[in-house]
Amino acid sequence: MQWNIIKLPALLIVLVSFVFSETSSKTKAPEIGMWVWKKESYQDPLQRAKLIEFSQKNHIQKLLIQVRFEEVEGQLKLADESSWKELLALSQKAGITIEALDGGRTMASAEERATTLKKVDALLAFQKGSPENARFSGFHYDIEPYLCDKWKNGEQHLVMSEFLQTADEIQTKIKKSQIPVTLSYDIPSWYDKKEELSIEFKGKTKNFHQHIQDLSDYVGIMSYRRKASGENSVADLCSAELAYAESTGKRVYAGLETLQLKADPQISFYGEPKESFINTVKDVLSAMGSSKAFGGVFVHHYNSVQEILDGSTLILPSK
């Protein structure tokens with residue numbers, strides 16, 4: 001084939017434009033995720049199929065599912081491995097990613113750090129021993145340290161320091177493994193509102209949430225409100241974390257609650273018309289979708305979301 005040298009610069013411009021266009025198009029669009037806590041959802045074949053069917057129907061692309069562990073010959077390993085492989089293979093065929101969800105108020109404490117890291121090792125071992133179509137896409141932690149006794153007794157800085165040390169060791173362990181999984185944490189929406197939660201870690205003083213964002217790929221925010229935008233809304237509660245994520249190249253997911261909360265019923269969609277919940281999910285995606293750091297919406301949790309939707313579809317397909 002003969003090339004016209006005079007036209008080469010123009011061709012290069014077209015090629016460069018195509019490359020940049022392709023790169024931009026690969027920026028991940030906001031998605032819908034859902035917390036899943038009950039083991040029956042992955043242990044029982046019928047329930048596995050129902051979970052995937054429900055997720056597909058409601059355009060849920062990411063599932064955060066509670067994992068459990070067992071001790072075998074003195075070593076911790078992921079429990080129900082065969083069930084997990086079945087579900088993970090099923091989810092990948094459906095285009096749904098699954099993250100291993102774990103948590104506990106003292107999980108990141110110095111006292112529990114060794115056990116926590118052994119659980120990370122168990123998950124990494126599962127990843128190594130599983131075929132590519134049956135692996136977790138990430139490790140997700142719902143650790144709420146402010147619920148532990150030390151925090152309540154005024155030892156917040158000690159609790160935060162121990163948390164960050166544990167998170168740092170988890171991140172280091174995953175990086176050293178060279179296994180491609182994301183690392184993420186759920187955090188409340190109020191860390192950024194409290195100046196006393198500023199802490200030094202590795203020579204840098206920042207708010208607790210900023211350090212957590214530095215030590216993970218994304219955070220899910222418990223931004224539990226019934227309106228998408230405006231004062232004291234989902235977007236408002238996520239604004240500081242979203243701004244920080246934009247500056248660091250990380251992502252933020254906004255959380256919505258459907259569970260019955262007797263102490264704070266006003267922040268949950270429990271008992272509200274399902275149309276209110278459906279429309280708020282859409283409105284959050286719209287209100288926050290312009291940010292490159294916005295990952296999407298997480299809904300809490302599977303069983304209560306099923307109840308509130310009562311057969312309706314969470315997000316209708318685009319026409």
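- Every residue meeting the ring pair (Phe, Tyr, Trp, His ring centres under 6.0 Å) condition with Tyr191, not counting sequence neighbours, appears here in chain and number order: Phe208.
- Under the side-chain hydrogen bond (donor to acceptor under 3.5 Å, both in side chains) criterion, Asp186 pairs with Trp35, His140, sequence neighbours left out.
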Check residues 155-167 and write down every donor-acceptor pair under 3.5 Å in which the side-chain atom is one partner and the other belongs to a residue at least two apart or another chain.
from	atom 1	to	atom 2	distance (Å)
His157	NE2	Glu196	O	3.1
Glu162	OE1	Ala110	N	3.1
Gln165	NE2	Glu169	OE2	3.1
Thr166	OG1	Ala108	O	2.7
Thr166	OG1	Arg113	NE	2.8
Thr166	OG1	Glu162	O	3.1

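- Atom CD of Gln266 sits in a crowded spot, with more than 12 heavy atoms from other residues, nucleotides or ligands closer than 6.0 Å.
- Under the ring-ring contact (aromatic ring centres under 6.0 Å, His included) criterion, the residue pairs touching residues 231-257 are Tyr218-Tyr253, Tyr253-Phe298, with sequence neighbours excluded.
- Contacts of Ala287 classified as side-chain contact (heavy atoms from CB on, under 4.5 Å), with partners at least two apart in sequence or in another chain: Ser229.
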Practice task
Please lay out, stage by stage, how Asp214 and Lys206 fare under the test salt bridge (Lys or Arg N to Asp or Glu O under 4.0 Å).
Solution key: CA-CA 10 Å; Asp214 290 341; Lys206 301 180 181 182; 2.7 Å; yes
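- Within a 6.0 Å sphere centred on NZ of Lys193, heavy atoms belonging to other residues, nucleotides or ligands number more than 12.
- For NZ of Lys118, the number of neighbouring non-hydrogen atoms (other residues, nucleotides, ligands) closer than 6.0 Å is 12 at most.
- When the side-chain hydrogen bond (donor to acceptor under 3.5 Å, both in side chains) test is applied to Glu246, the partners found at least two apart in sequence or on another chain are Ser291.
- Residues passing the side-chain hydrogen bond (donor to acceptor under 3.5 Å, both in side chains) test with Glu272, sequence neighbours excluded: Arg226.
- Tyr224 meets the ring pair (Phe, Tyr, Trp, His ring centres under 6.0 Å) test with no other residue; sequence neighbours excluded.
- Under 3.5 Å, the side chains of Asp80 and Gln43 contain a donor-acceptor pair of N or O atoms.
- For Phe269, the ring pair (Phe, Tyr, Trp, His ring centres under 6.0 Å) test picks out Phe277, with sequence neighbours left out.
- Here Ser286 pairs with nothing under the side-chain contact (heavy atoms from CB on, under 4.5 Å) rule; sequence neighbours left out.
- Within a 6.0 Å radius of NZ in Lys85, other residues, nucleotides and ligands contribute more than 12 heavy atoms.
- Every residue two or more places apart in sequence or in another chain that forms a salt bridge (Lys or Arg N to Asp or Glu O under 4.0 Å) with Asp121 is listed here: Lys173.
- Sparse packing is recorded around CD of Glu53, with 12 or fewer heavy atoms of other residues, nucleotides or ligands lying under 6.0 Å away.
- Put simply, the side chain of Leu63 reaches to within 4.5 Å of the side chain of Ser55, judged on heavy atoms.
- Judged as a ring-ring contact (aromatic ring centres under 6.0 Å, His included), the pairs with a partner in residues 89-133 (not counting sequence neighbours) are, in order, Phe126-Phe136.
- By the neighbour-count criterion of 12 heavy atoms within 6.0 Å, atom CD of Glu111 is densely surrounded, having more than that number from other residues, nucleotides or ligands.
- The residues Lys202 and Asp168 are annotated as salt-bridged, a charged nitrogen and a carboxylate oxygen being separated by less than 4.0 angstrom.
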